[in-house]
Enquirer: 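The following block contains the structure, expressed as structure tokens.
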Amino acid sequence: MTKSYSVADNLPRVERNTLADVVYSEIKELILSGLIAPGERLTLRRLAAAVGTSPMPVRDAVSRLVAEKALEMLPNRSIQVSWPSRERFEEIIAIRCTVEGLAAEAACRRRTEVELAEIKREAEMFETFAHGATPDPMEAMRANRRMHFAIYRAAGMPTLLQIIEALWLQVGPVFWASVGGEIKAHAAGKSPSHTSEMLDTTYRSHAALVEAIEARDGQRARQAVVDDVEKAAVMIVRSGRLNDAEGWVLR
């Protein structure tokens with residue numbers, strides 16, 4: 001029996017990144033890096049200027065981010081970063097513990113030495129910015145995100161990575177706003193800053209997490225991630241800023 005072949009069988013796979021995809025990634029990075037604060041009102045034109053393109057691909061990217069609940073479209077057609085209610089925040093944190101714990105456990109089995117070196121490097125960067133000679137809490141937070149996602153990429157589960165990233169998009173800005181608010185209040189002499197406590201707690205969780213991944217101990221890695229996520233979330237709730245959607249402009 002003669003086997004039939006389709007022309008498509010011999011065609012190479014082509015990766016297609018449209019301009020909208022690139023713009024989507026750039027706006028997503030602005031949100032994840034804390035460069036767009038919750039409550040900050042934006043327009044398509046302003047976002048287009050920020051990423052250096054025309055409004056059309058920005059409109060497509062914003063539509064995707066609105067569907068993912070990372071951005072909200074307001075009645076006057078302006079845009080702002082989403083701000084979850086306390087109930088939604090706690091729900092997302094519970095889901096994060098499950099999926100990020102799974103990713104950490106998988107990373108223990110699948111990580112390479114190169115990936116381990118990247119994880120360690122970002123953990124060291126976090127420590128430098130958190131406790132170095134010139135502490136920078138904002139850069140420490142960015143190093144924290146890079147370290148976590150180095151771990152989640154090492155899990156080798158692209159679908160799981162997308163889920164985790166979508167969850168970070170929904171609650172990450174709350175963490176940025178809380179840290180930014182603590183720094184501003186402390187600098188103005190209005191209240192003691194709890195940021196150093198959060199950074200200290202995160203550092204201890206990181207140390208346990210990196211050690212577990214190096215030892216390929218999946219259960220310990222899962223628990224270290226859960227501890228890290230839960231403890232940070234508790235501090236956010238205690239800060240009282242979870243229900244305050246004022247824009248903290250972080251630069």
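Since we're looking at a predicted model, the values are computed, not measured.
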Enquirer: Where do Glu29 and Arg145 land on the salt bridge (charged side-chain N to carboxylate O under 4.0 Å, His left out) test, with the steps shown first?
Expert: CA-CA 11 Å; Glu29 183 61 26; Arg145 178 174 68 86; 2.5 Å; yes
Enquirer: Please name the residue in the list Val237, Val81, Ile92, Ile236 that meets the side-chain contact (heavy atoms from CB on, under 4.5 Å) test with Val174.
Expert: Ile236
Enquirer: Hey, are Glu124 and Lys120 close enough for a salt bridge, meaning a charged N less than 4.0 Å from a carboxylate O?
Expert: no
Enquirer: Heavy atoms only: give me the nearest Ala212-Ala221 pair and the separation to one decimal.
Expert: CB-N, 3.5 Å
Enquirer: Walk me through it: do Met141 and Thr202 pass the test side-chain contact (heavy atoms from CB on, under 4.5 Å)?
Expert: CA-CA 10 Å; Met141 290 278 285; Thr202 301; over 6 Å; no
Enquirer: Considering all heavy atoms of both residues, which atom of Ala104 and which atom of Ile151 are nearest to each other, and what is their separation?
Expert: CA-CG2, 4.1 Å
Enquirer: Should the pair Arg64-Asp21 be classified as a salt bridge under the 4.0 Å nitrogen-to-oxygen rule?
Expert: yes
Enquirer: Taking atom CZ as the centre, does Arg109 end up with more than 12 heavy-atom neighbours from other residues, nucleotides or ligands that are less than 6.0 angstrom away?
Expert: yes
Enquirer: Could you give the distance from CG (Asp217) to CD (Glu105), rounded to the nearest 0.5 Å?
Expert: 9.0 Å
Enquirer: Answer yes or no: is there a side-chain heavy-atom contact under 4.5 Å between Arg110 and Glu115?
Expert: no
Enquirer: Is it the case that over 12 heavy atoms from other parts of the model lie below 6.0 angstrom from the CE atom of Met73?
Expert: yes
Enquirer: Can you find a pair of side-chain heavy atoms, one from Asp228 and one from Arg204, that are under 4.5 Å apart?
Expert: no
Enquirer: Walk me through whether Arg121 and Glu118 qualify under side-chain contact (heavy atoms from CB on, under 4.5 Å).
Expert: CA-CA 5 Å; Arg121 182 168 61 251; Glu118 181 185 2; 3.6 Å; yes
Enquirer: Testing the basics here: between Val225 and Gly101, what is the closest heavy-atom pair and its distance to 0.1 Å?
Expert: CG1-N, 4.0 Å
Enquirer: So does Glu91 pair up with Arg88, basic N to acidic O under 4.0 Å?
Expert: no
Enquirer: Which atoms form the tightest heavy-atom contact between Phe126 and Ala140, and what is the distance?
Expert: CD1-O, 3.0 Å
Enquirer: State yes or no: do Met157 and Ile213 share one hydrophobic cluster built from I, L, V, M, F, W and Y residues joined by side-chain heavy-atom distances below 4.5 Å, directly or via other members?
Expert: yes
Enquirer: Between Glu214 and Arg111, does a salt bridge (charged side-chain N to carboxylate O under 4.0 Å, His left out) hold up when you go through it step by step?
Expert: CA-CA 9 Å; Glu214 184 167 20; Arg111 59 88 180 158; over 6 Å; no
Enquirer: In the structure I gave you, are the side-chain heavy atoms of Asp60 and Val23 within less than 4.5 Å of one another anywhere?
Expert: no
Enquirer: Between Arg222 and Glu100, is the closest basic N to carboxylate O distance under 4.0 Å?
Expert: no
Enquirer: What pair of heavy atoms forms the shortest contact from Ala103 to Ile164, and how long is it?
Expert: CB-CD1, 3.8 Å
Enquirer: Is there a side-chain contact between Val51 and Leu47, using heavy atoms and a 4.5 Å cut-off?
Expert: no
Enquirer: At what distance, to the nearest 0.5 angstrom, does CG of Leu209 lie from CD1 of Ile119?
Expert: 7.5 Å
Enquirer: When rounded to the nearest 0.5 angstrom, what distance separates CZ in Arg146 from CG in Leu32?
Expert: 12.5 Å
Enquirer: Would Leu71 and Leu74 show up in the same hydrophobic cluster when neighbours are defined by side-chain heavy atoms closer than 4.5 Å?
Expert: no
Enquirer: Tell me whether Tyr24 shares a hydrophobic cluster with Leu167, the cluster being built from Ile, Leu, Val, Met, Phe, Trp, Tyr side chains joined at under 4.5 Å.
Expert: yes
Enquirer: Atom OG of Ser85 and atom CD of Glu90: how far apart are they, to the nearest 0.5 Å?
Expert: 8.5 Å
Enquirer: Mind checking side-chain hydrogen bond (donor to acceptor under 3.5 Å, both in side chains) for Arg41 and listing every partner two or more places apart, or none if nothing turns up?
Expert: Gln80
Enquirer: Check the pair Met147, Arg142 against side-chain contact (heavy atoms from CB on, under 4.5 Å), reporting the backbone distance first and the verdict last.
Expert: CA-CA 9 Å; Met147 190 210 75; Arg142 293 184 177 108; over 6 Å; no
Enquirer: Determine whether Met125 and Met138 fall in the same hydrophobic cluster, where Ile, Leu, Val, Met, Phe, Trp and Tyr are linked whenever their side-chain heavy atoms lie under 4.5 Å apart.
Expert: no
Enquirer: Under 4.5 Å between side-chain heavy atoms, counting indirect links through other Ile/Leu/Val/Met/Phe/Trp/Tyr residues: same cluster for Ile27 and Met56 or not?
Expert: no
Enquirer: List in chain and number order the residues that pass side chain to side chain contact (heavy atoms under 4.5 Å, CB included) with Thr128, two or more places apart in sequence or in another chain; answer none if no residue qualifies.
Expert: none
Enquirer: Within this structure, what is the CG-CD distance for the pair Asp227 and Glu230, rounded to the nearest 0.5 Å?
Expert: 7.0 Å
Enquirer: Could you please spell out the steps behind the salt bridge (charged side-chain N to carboxylate O under 4.0 Å, His left out) verdict for Glu211 and Arg220?
Expert: CA-CA 9 Å; Glu211 184 179 304; Arg220 281 174 55 205; 2.7 Å; yes
Enquirer: Specify whether Tyr152 and Phe149 have parallel, tilted or perpendicular ring planes, treating 30° as the upper limit for parallel and 60° as the lower limit for perpendicular.
Expert: perpendicular
Enquirer: So do Glu122 and His148 actually touch side chain to side chain, heavy atoms under 4.5 Å?
Expert: no
Enquirer: Does Val62 reach the side chain of Leu42, with side-chain heavy atoms less than 4.5 Å apart?
Expert: no
Enquirer: Rounded to the nearest 0.5 Å, how far apart are SG of Cys97 and CG of Leu102?
Expert: 12.5 Å
Enquirer: Please report the C-alpha distance between Ile79 and Glu72 in whole Å, then the side-chain angles of each, then the deciding distance to 0.1 Å, and finally whether the side-chain contact (heavy atoms from CB on, under 4.5 Å) criterion is met.
Expert: CA-CA 6 Å; Ile79 305 147; Glu72 294 177 359; over 6 Å; no
